[in-house]
Amino acid sequence: MTTSILLQLPGTSQLMSFLPMVLIIVVFYFFMIRPQMKKAKDQKKFIEELKKGDKVITSAGIHGKIVEMNDTSFLIEVESGTKIRFDKSAISLDASKAMNTNVKA
């Protein structure tokens, strides 16, 4: 009974046709956009908290220790004293945290 009344109201068919699109946008926000924003915020916080002497892994998989820092890059020392300069965005949050938790355990 109520379904037939809703279908007879003027303008409800237009509203019902937009409802699936609105639901898709809400699902995209909560399952794709919001987690990406949270991950980017965590990455930025991680980079800001790094200090000289921290062990890190780059997104390319290079392991090293931070020797020097400036506004946009890190100087990382790898084995045998070789030093390589990397952009701050090249440091991997997930890999570095995993390495540091394995070392402490």
Side-chain angles (χ1 to χ4, degrees):
M1 180 75 182
T2 59
T3 307
S4 61
I5 293 172
L6 286 175
L7 292 176
Q8 293 174 357
L9 293 174
T12 56
S13 63
Q14 291 177 350
L15 178 65
M16 295 302 273
S17 68
F18 285 115
L19 187 61
M21 186 61 79
V22 170
L23 290 175
I24 289 171
I25 291 171
V26 168
V27 168
F28 271 133
Y29 176 76
F30 281 106
F31 287 107
M32 294 179 80
I33 298 170
R34 191 165 176 239
Q36 279 298 105
M37 290 172 31
K38 184 180 183 306
K39 189 172 182 176
K41 182 180 174 184
D42 291 344
Q43 175 78 15
K44 183 178 177 185
K45 182 180 175 189
F46 175 72
I47 296 296
E48 289 173 354
E49 291 176 352
L50 286 175
K51 59 189 176 302
K52 190 174 176 180
D54 285 346
K55 292 184 178 182
V56 294
I57 300 176
T58 66
S59 57
I62 298 174
H63 297 236
K65 183 172 71 171
I66 297 175
V67 178
E68 181 184 311
M69 300 170 57
N70 65 26
D71 294 338
T72 59
S73 64
F74 292 117
L75 187 63
I76 297 177
E77 181 179 3
V78 294
E79 281 190 38
S80 69
T82 306
K83 296 177 183 175
I84 305 172
R85 186 164 303 278
F86 283 98
D87 191 48
K88 285 187 174 185
S89 63
I91 305 299
S92 173
L93 166 68
D94 299 330
S96 295
K97 280 192 173 184
M99 178 188 66
N100 288 328
T101 56
N102 288 342
V103 170
K104 291 177 184 176

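- Residues K51 and D54 approach most closely at N-OD2, 2.9 Å, considering heavy atoms.
- The side chain to side chain contact (heavy atoms under 4.5 Å, CB included) test applied to K88 returns I47, F74, not counting sequence neighbours.
- Listed by chain and residue number, nothing satisfies the side-chain hydrogen bond (donor to acceptor under 3.5 Å, both in side chains) test with E77 (two or more places apart in sequence, or in another chain).
- Using a 4.5 Å cut-off between side-chain heavy atoms of Ile, Leu, Val, Met, Phe, Trp and Tyr, L75 forms no hydrophobic cluster with any other residue.
- In terms of modelled atom types and a separation under 3.5 Å, the side chain of Q43 and the main chain of I91 share a donor-acceptor contact.
- If you chain together ILVMFWY residues whose side-chain heavy atoms come under 4.5 Å of each other, M21 ends up grouped with I25.
- In this structure, M99 and V56 approach most closely via the heavy-atom pair CE-N, 3.7 Å.
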Just list the side-chain donor-acceptor pairs under 3.5 Å for residues 28-41, sequence neighbours left out, or say none.
from, atom 1, to, atom 2, distance (Å)
K38, NZ, D42, OD2, 3.3

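- For N70, the side-chain hydrogen bond (donor to acceptor under 3.5 Å, both in side chains) partners are S73, not counting sequence neighbours.
- Scanning both residues, P20 and S17, for their nearest heavy atoms gives CD-O, 3.6 Å.
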Tabulate below the donor-acceptor pairs under 3.5 Å that side-chain atoms of residues 57-65 make, not counting sequence neighbours, or state none.
from, atom 1, to, atom 2, distance (Å)
T58, OG1, A60, N, 3.3
T58, OG1, G61, N, 3.4
T58, OG1, I62, N, 3.1
S59, OG, A90, O, 3.4

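- Between the OG1 atom of T82 and the CD1 atom of I76 there is a distance of 13.0 Å, given to the nearest 0.5 Å.
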